[in-house]
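Report on the structure given below.
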Amino acid sequence: MDTKSLPVPVRRVFQVLALTLTAVFLSSCSQRTAPAPSPAKPVANAVPWWKHALIYEVYPRSFQDTNGDGIGDINGIIQRLDYLQSMRVNAVWLTPIYPSPLVDFGYDISNYEAIDPIYGSMADFDRLMTAAKAHHIRVIMDMVMNHTSDQSPWFQESRSSRTNPKRDWYIWRDGKGPGVPPNNWQSVFGHSAWTYDATTKQWYYHKFYAQQPDLNWRNPEVQKAMFDACRFWLDKGVAGFRLDAIPELFEDPQFRDEKVLPGKNVFGDPNLDSSLTENLPEVHDVMRQLRKVVDSYPGNRVLIGETYLPNIQQQLLWYGAHNDELQLPMDMQVGFLNKLDAGKFRAKINQAETELNGNMPLFVFDNHDNARSWDRYGDGKHNAAIARIIATMLLTTRSTAMMYYGQEIGMVTTPPKTKAQVQDPVGKTGWPKNKGRDGERTPMQWDSGKDAGFSTAAKTWLPIPPSYKTVNVQVESGQTDSLLHWYNQLIQMRKNDPALHDGQNIMVNTSDPNVLSYLRKNPGQGPSVLVAMNFTNKSQTVSYSLQAQGIQGNSATALLEDGGMASNIDLGHVVLPPFAIFIGQVQ
Ligand code: NOJ
């Protein structure tokens, strides 16, 4: 109703009535959405697509099965593109779907330019590319450059004789004596990183399983072969690569023993300082050359790194001194803090904002190698509220966001109950201390029907977790207080609100040990956004004074909140109930 024509007092009554009705409506929802932020139109984007993207990791084996064999497939991904589009996903990263003996479920590749029949055919892949494009979703492939499968023809040739032309494509050494490996290097998956090969009486190096021999990146033919594989997929239109185990590409050329540190790891091996087998400087030359390859294609193809790094200084190195290496080395320092500690998150998020030379961080809280964030951060009682905090950190900080399938519905880590059930060899070697990674790879929970809507098979490759009856896409789509709904609201806000989309990320109230608060500063004239999250199970009271950040007003209007807070709050006295979240506009 247009109230402008009414006399002023009457107009006020209408305005008060409208405000009251809005407030009543908002207070009836446990998670409230205030009027759309202004401007409500999507922000025009002249910068590369990946900069503000939402990238969604699909583990194809577990996403959607369409042929009833209990294993997900490419056609299943096609079938679920509508869902991904409805979540406004910009790109999917597919974990490896190349031919593989599947010792490491695809991270042991035997042919880099084909599709494993278990997932479908190249024609299916081409259909996926077309269908994804129609859904405005890009496809990112996983590229495993550090090692191949031992069944790769390259390795088969290499192991056949000491004089084979491909001998030097892998890392072969004499042992120190009979049955004694060349040095003390260890596999990430436990025990020695060297395996003796009786055919040629030498040892080969493998940072991962013995079935995953490391390539020798000091041989230029290896680089050529691998870059050719990249070109094969770039020619097919993929949007880029997630580079597996990339810090492990090079090893010490002198093959010296690594320094032994105190204590033992989960496999019972001594802890080693891995500085002779990880993060060697030579890798950066390769990254620069690979970047040239992707940059020779149109459309801002992207390089994402699997970069578990100890500090921000090392993180910065991966962008390249001239922004000529990876656009998005994953930041594992924020998402894998594994403790809901406001001070630690503040420090890490702030480092990513201030110490990466303006480069975009890529935050990740979940992937196929780690227990789900639901369990790593949950306290067993408030997991749902804590999952909303995780989602909020992922989607309201200034970063590109990476999600893992099922994260949005709160899938729970479901490890195998007995050793006999374990699929992941890590779990077989590490049982019972390390049960492997099956727990975070269980099938996607689509609905409450058979096999959670994932498959029609009598037996799926990993069991469907018991939680599927209530934790699934169908059920959560119909609930306004579900985690899925929360994710969708955040994703929409992040796209539409200029401050959340692109604003500087400024930490405020920096000495508060319980409440993490930051401001996303509007890059233009419009309102900024204050995000406040109570990390504790007790009510917390906070007072903000944001004048130094250019905010003159003393109230905030909620865009989204969780925990029953008012839609308009006085910045001088904010009471956050346990685990409450407040995201509101300030100016
Ligand atoms: C990292 C991958 O994410 C993991 O699943 C795999 O086992 C290792 N790299 C070895 O490729």
Side-chain angles (χ1 to χ4, degrees), residues 42 45 49-66 71-97 119-120 124-142 236-242 299 302 304 328 362-368 372-373 387 391 394-395 400-411 440-447 452-455 468 471-478 482-496:
N45 202 347
W49 68 270
W50 47 262
K51 233 178 177 167
H52 303 284
L54 173 61
I55 304 174
Y56 187 100
E57 178 188 355
V58 170
Y59 196 72
R61 284 183 85 73
S62 293
F63 200 55
Q64 179 66 56
D65 171 24
T66 56
I71 298 172
D73 42 47
I74 294 175
N75 286 331
I77 303 171
I78 297 176
Q79 194 178 304
R80 295 298 183 180
L81 286 170
D82 287 346
Y83 168 72
L84 295 171
Q85 186 177 13
S86 76
M87 272 187 74
R88 299 173 178 80
V89 164
N90 303 105
V92 285
W93 148 33
L94 308 182
T95 60
I97 49 175
Y119 301 119
D124 293 334
F125 180 81
D126 292 339
R127 280 197 316 115
L128 169 65
M129 290 299 294
T130 309
K133 193 167 183 194
H135 286 78
H136 310 289
I137 294 173
R138 292 173 159 89
V139 176
I140 294 170
M141 297 295 269
D142 212 314
K236 282 196 168 287
V238 304
F241 302 104
R242 174 266 189 188
V302 69
I304 298 173
L328 295 174
L362 172 60
F363 290 159
V364 186
F365 282 82
D366 277 279
N367 63 25
H368 62 283
R372 286 185 177 270
S373 60
L394 177 67
L395 294 161
T400 305
M402 169 80 85
M403 285 176 62
Y404 181 49
Y405 81 94
Q407 178 179 347
E408 70 275 27
I409 53 172
M411 273 176 65
E440 53 267 22
R441 298 174 177 180
T442 56
M444 177 67 174
Q445 296 168 198
W446 295 106
D447 58 44
F454 161 70
S455 173
Y468 82 98
V471 178
N472 68 54
V473 170
Q474 192 186 47
V475 163
E476 293 192 30
S477 299
S482 67
L483 185 59
L484 180 60
H485 189 60
W486 183 256
Y487 264 95
N488 277 320
Q489 286 174 291
L490 288 172
I491 294 165
Q492 185 175 2
M493 253 172 45
R494 176 178 188 264
K495 286 232 152 62
N496 292 340

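Atom set for the values below is all heavy atoms of this structure, side chains included, hydrogens, waters and symmetry mates excluded.
With a 4.5 Å cut-off on side-chain heavy atoms, R80 and V58 do not count as touching. Contact annotation: the side chain of E57 approaches that of N367 to within less than 4.5 Å [non-hydrogen atoms, C-beta and beyond]. Considering only heavy atoms from C-beta on, V471 comes within 4.5 Å of E476 through its side chain. The shortest side-chain heavy-atom distance between M411 and E440 does not fall under the 4.5 Å cut-off. Looking only at side-chain heavy atoms (C-beta outward), W486 and L395 stay at 4.5 Å or farther from each other. Residues F365 and M403 have side chains not in contact (no heavy-atom distance under 4.5 Å, counting atoms from C-beta outward). With contacts defined as side-chain heavy-atom distances shorter than 4.5 Å, the pair T442/S62 does not qualify. Put simply, the side chain of N75 does not reach to within 4.5 Å of the side chain of Y119, judged on heavy atoms.
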Y56 vs Q407, test: side-chain hydrogen bond (donor to acceptor under 3.5 Å, both in side chains). Steps then yes/no.
CA-CA 10 Å; Y56 187 100; Q407 178 179 347; over 6 Å; no

Could you walk me through whether I97 and F125 pass the side-chain contact (heavy atoms from CB on, under 4.5 Å) check?
CA-CA 10 Å; I97 49 175; F125 180 81; 4.0 Å; yes

Using the side-chain contact (heavy atoms from CB on, under 4.5 Å) rule, take I77 and L94 through it: C-alpha gap first, then chi angles, then the decisive distance, then the call.
CA-CA 10 Å; I77 303 171; L94 308 182; 3.9 Å; yes

Could you walk me through whether R138 and V92 pass the side-chain contact (heavy atoms from CB on, under 4.5 Å) check?
CA-CA 6 Å; R138 292 173 159 89; V92 285; over 6 Å; no

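Side-chain contact of R88 with N488: a donor-acceptor pair under 3.5 Å is absent, judged by distance alone. For the 3.5 Å distance criterion, the side chains of T95 and D142 fail to qualify, holding no donor opposite an acceptor.
Using a distance-only test at 3.5 Å, with no hydrogens or angles considered, a donor-acceptor pair links the side chain of T400 to the main chain of W50. D73 places a side-chain N or O within donor-acceptor distance of the main-chain N or O of T66, the cut-off being under 3.5 Å. Panel note: side chain S482, backbone G478; no donor-acceptor pair is recorded below 3.5 Å. No donor-acceptor pair under 3.5 Å is formed between the side chain of Q474 and the backbone N or O of Q445. With E408 contributing its side chain and G406 its backbone, the two residues share a donor-acceptor pair below 3.5 Å.
Nearest heavy atoms, N90 versus H52: OD1-O, 4.4 Å. Nearest heavy-atom pair, H136 versus Q85, reported as atom, atom and distance to 0.1 Å: CD2-NE2, 3.5 Å. R242 approaches I140 most closely through the heavy-atom pair N-CG2, 3.7 Å. Between M444 and Y83, the closest heavy-atom pair is CE-OH, 4.1 Å. Smallest separation of non-hydrogen atoms from S455 and D65: OG-OD2, 2.7 Å.
Residues Y59 and W93 place their aromatic rings such that the two centres sit no closer than 6.0 Å. Ring centroid separation for the pair W446 and Y468 does not come in under the 6.0 Å cut-off.
The side-chain hydrogen bond (donor to acceptor under 3.5 Å, both in side chains) check on S373 picks up D366, with sequence neighbours excluded. Residues satisfying the side-chain hydrogen bond (donor to acceptor under 3.5 Å, both in side chains) test with D447, not counting sequence neighbours, are none.
Taking the ring centre of Y405 as origin, the terminal cationic atom of R372 falls inside the region bounded by 6.0 Å and 45° from the ring axis.
Rounded to the nearest 0.5 angstrom, L128 CG and I137 CD1 are separated by 9.5 Å. Between the CD1 atom of I55 and the CE atom of M402 there is a distance of 5.0 Å, given to the nearest 0.5 Å.
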